[in-house]
Each structure stands twice: as C-alpha cells, then as structure tokens.
Amino acid sequence: MTSRFEPRLHVATRDELAGRVIAITGAGSGIGRAVALACAAHGAEVVLLGRTVTKLEKVYDEIIAAGGVEPVIAPLDLEKASAREYDAIAEAIGTRYGRLDGLLHNAGLLGDLSPIEHYDVPLWTRVMHVNVTAAFALTQVLLPLLRAAPDASVLFTSSSVGRRGRAYWGAYAVSKFAVEGLAQVLADELSGTTRVRVNSINPGGTRTAMRRAAYPAEVAESAPLPETITAAYVCLLGPGARGMSGQTVDAQAPA
Ligand code: NAP
C-alpha cells in the first residue's frame, strides 16, 4: 500500500525553518498572522507584509515575546502599491538577506457575494487586482531573490471555490481559479531550470474576519482557528516539501 504525502499531517521539528527568510502577505491578521507566528516558532526570519501597520506591529511583538528571530515589517497595500513600492520591498529584502527562501501569497479580498449579472464592475477589478495581479507583480519582483536561495518555495492561496465554481462567489471565485492557473504556469516555467518550487494551498473554512463576512449566520466556533491549520503551510514553505512543485494542497482534511 502506498501512503499519500499529506503536508497537513506534517510534524515540523523545532528548528525546521531556521535560516530561512519567509515573506508573508496579509501577515497582520487571520491565517497570515497564524502562519507568520508558526514560521517564526520554527526558526524562520519572517518578513511581515500587510497594509495595516498597527496589526503588523502586534504580530512583530508576539514573535519577539515568543523568542523568535526578529521579523521585518514591510507595509504594502496591494490595492494601491506603485511599481516603485514593489521595487523598494525587493531592494529592502535583498539588502538585508540577499535572498528569499519562502513567499506566501495570503492576502485576499472577498468582495461581494452576488450574482455575476449584478456584480459591481469596479469591485470586480479590485478583487482581481488584490488576489491575482498583485500576487503576480510581487512574485515577479521577488524572483531574483527566490532564485538566489538554495531551496525556495512560493505558495499561493486558493479556495474550494477556485477549484469548482459556486453561484454568487463572483470575482473571488474567479480570482482563485486564476491563482491556481498562475501557480501552475509559474511552476512549469521554473521546473528544471531553477530550484524554486511553486504550489497552491486551500486553507479550507477557517475562523477569520473573511469567513465571518462570507458566512455571517454561521456559528463561529464551527470553523477551526487559524492556529490549528498551519502544519501544511510550514511543510510547504520549508524542507518538508522539497522537490514538490505544481501541486495544489489542502490545509485541512476534506469535510
Ligand atoms: P482575513 O482575516 O480577512 O485576512 C485577509 C488578509 O489580507 C488581512 O491581513 C488583510 O489585511 C489582507 N489584505 C486585504 N486587502 C489587502 C491589501 N489591499 N493589501 C494588503 N493586504 C491586504 O482573511 P483570511 O481568512 O485570513 O484569508 C487569508 C487567505 O485565505 C485569503 O487569501 C483567503 O482568500 C483565503 N481563504 C480563507 C478561507 C477562510 O475560511 N478563512 C477559506 C479559503 C481561502 P488587513 O488586516 O490590514 O485588512
């Protein structure tokens, strides 16, 4: 009998990510915050990217209080950032570390839950920009630093509605399909010629602000806390998934 490799069941060693520099978007809250804390707890030097500096500062303090390596705060509004701001992030990471070992595209915008027929066009553009175009642009500007790392991992955040379309999920669902496509194209381009691996992850229903907005009538406790779903992220961003690329993974067991 062959056993399937399940990153969500990965048990990381204490120092599994030691010496790795890992950048995380949307690191100030929800799943991004939890993954940032988990990466730091396993020894990573974390670059906290996000738009709300006060939230990033709280995560910074939590990492320091837990005895983690000092993280870096990198403010970046993915909806509004200019090319110059992207370049500045790459320059700052390059100057400080000279490479990037992990990049988690976690930030996301839900938009409206409404029929395609009535979906607001400007909102559609914003959702596609934050969820897809910004992730593409950030990856592009950070690729030289990812190439400079011995075992770099790029991880995109998908969703179950990015694998099978569902009524009323509009731009969000379409953006997650695009994210899956972006991950596949990039993984194929980089395979063989670089040591950069590229995968996508579906966190599954998780107790965050986005989940509350999408399911306002749900009993909050029915979805797991972000802290409980980080194993697959640590695995994929670190040596636990070395050699794995072009895959899409679930952070939780299927419901
Ligand atoms: P969340 O708590 O709402 O977090 C979303 C994060 O994205 C926040 O840190 C937010 O920053 C950041 N963000 C939004 N717009 C941004 C912008 N313009 N620039 C920079 N950062 C921005 O939601 P979450 O549930 O943790 O979501 C994390 C990822 O998981 C998303 O990609 C989401 O699509 C995906 N996901 C979540 C679930 C779930 O059940 N929770 C299920 C499937 C997929 P601020 O805090 O500053 O607003």
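As the structure is a prediction and not an experimental result, all values here were calculated from the model. Just so you know, ligand 1 is whichever comes first in the structure, and atom 1 is the first atom listed for that ligand.
- Close approach of ligand 1 to S158 (heavy-atom distance below 4.0 Å) involves ligand atoms 44 (C).
- At the shortest separation from atom 23 (O) of ligand 1 among protein heavy atoms lies M210 CB, 3.3 Å.
- Residues I64 and E70 have side chains in contact (heavy-atom distance under 4.5 Å, counting atoms from C-beta outward).
- Not counting sequence neighbours, T193 has no partner by the side chain to side chain contact (heavy atoms under 4.5 Å, CB included) test.
- Salt-bridge formation is not detected for the pair K80/E85: no Lys NZ or Arg NE/NH1/NH2 atom is positioned less than 4.0 Å from an Asp or Glu carboxylate oxygen.
- Using modelled atom types and a 3.5 Å distance limit, the side chains of H42 and T13 yield no donor-acceptor pair.
- The distance from ligand 1 to the heavy atoms of G26 drops below 4.0 Å at these ligand atoms: 9 (O), 12 (C).
- The protein heavy atom nearest to atom 18 (N) of ligand 1 is D77 OD1, 3.0 Å.
- Residue-ligand proximity, T52 to ligand 1, at heavy-atom distances under 4.0 Å covers atoms 45 (P), 47 (O).
- Those atoms of ligand 1 with a heavy atom of S29 less than 4.0 angstrom away are 2 (O), 4 (O), 8 (C), 9 (O), 46 (O).
- The proximity of L78 to ligand 1, defined as any non-hydrogen pair under 4.0 Å, involves the side chain as well as the backbone.
- Counting protein heavy atoms only, atom 5 (C) of ligand 1 is closest to G108 O, 4.0 Å.
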List the steps, then state whether salt bridge (Lys or Arg N to Asp or Glu O under 4.0 Å) holds for E218 with R212.
CA-CA 8 Å; E218 181 181 76; R212 273 196 303 283; over 6 Å; no
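- At the shortest separation from atom 25 (O) of ligand 1 among protein heavy atoms lies T208 OG1, 2.6 Å.
- Which parts of ligand 1 touch Y172 is read off a 4.0 Å heavy-atom cut-off, strictly below it: atoms 33 (C), 34 (O), 35 (C), 36 (N), 43 (C), 44 (C).
- For atom 40 (O) of ligand 1, the nearest protein heavy atom (residue, atom name, distance) is T206 N, 2.8 Å.
- Ion pairing between a basic and an acidic side chain is recognised when a charged N comes within 4.0 Å of a carboxylate O; R96 and E45 show no such pairing.
- Near E79, meaning under 4.0 Å from any of its heavy atoms, are these atoms of ligand 1: 18 (N).
- Remark: distances from the non-hydrogen atoms of L76 to ligand 1 include one below 4.0 Å.
- Rounding to the nearest 0.5 Å gives a distance of 3.5 Å between SG of C235 and CZ of F5.
- For the residue pair Q140 and Y86, no side-chain donor N or O sits within less than 3.5 Å of a side-chain acceptor on the partner.
- Annotation: atom 26 (O) of ligand 1 to nearest protein heavy atom, I31 N, 2.8 Å.
- Between the side chains of S245 and S191, no donor N or O sits under 3.5 Å from an acceptor N or O.
- In this comparison of A107, A134, A135, the heavy atom closest to atom 13 (N) of ligand 1 sits on A107.
- Using a 4.0 Å cut-off between heavy atoms, K55 contacts ligand 1 through its side chain alone, with no backbone atom that close.
- Ligand 1 places these atoms under 4.0 Å from at least one heavy atom of T157: 29 (C), 30 (O), 32 (O), 35 (C).
- The atoms of ligand 1 that sit less than 4.0 Å from any heavy atom of G30 are 2 (O), 26 (O).
- Paired with L237 under the rule side chain to side chain contact (heavy atoms under 4.5 Å, CB included), one option of I201, I22, L103 passes, and it is I22.
- Nearest-residue assignment for atom 36 (N) of ligand 1 (options G205, A214, P203; heavy-atom criterion): P203.
- More than 12 heavy atoms of other shown residues, nucleotides or ligands fall within 6.0 angstrom of atom OH in Y215.
- The protein heavy-atom contact nearest to atom 48 (O) of ligand 1 is R51 NH2, 2.8 Å.
- Nearest to atom 28 (C) of ligand 1 among the protein's heavy atoms is N106 OD1, 3.1 Å.
- Distances shorter than 4.0 angstrom occur between a heavy atom of G204 and an atom of ligand 1.
- No more than 12 heavy atoms of other residues, nucleotides or ligands lie within 6.0 Å of CD in E91, so this atom counts as exposed by the packing criterion.
- At a 4.0 Å cut-off, not a single heavy atom of R33 sits close enough to ligand 1 to count as contact.
- A donor atom on one side chain and an acceptor atom on the other are not found under 3.5 Å apart for R163 and S158.
- Contacts between K176 and ligand 1 below 4.0 angstrom, taking non-hydrogen atoms only, involve the side chain exclusively.
- A salt bridge is defined here as a Lys NZ or Arg NE, NH1 or NH2 lying under 4.0 Å from an Asp or Glu carboxylate O, and R195 with D151 fails to meet this definition.
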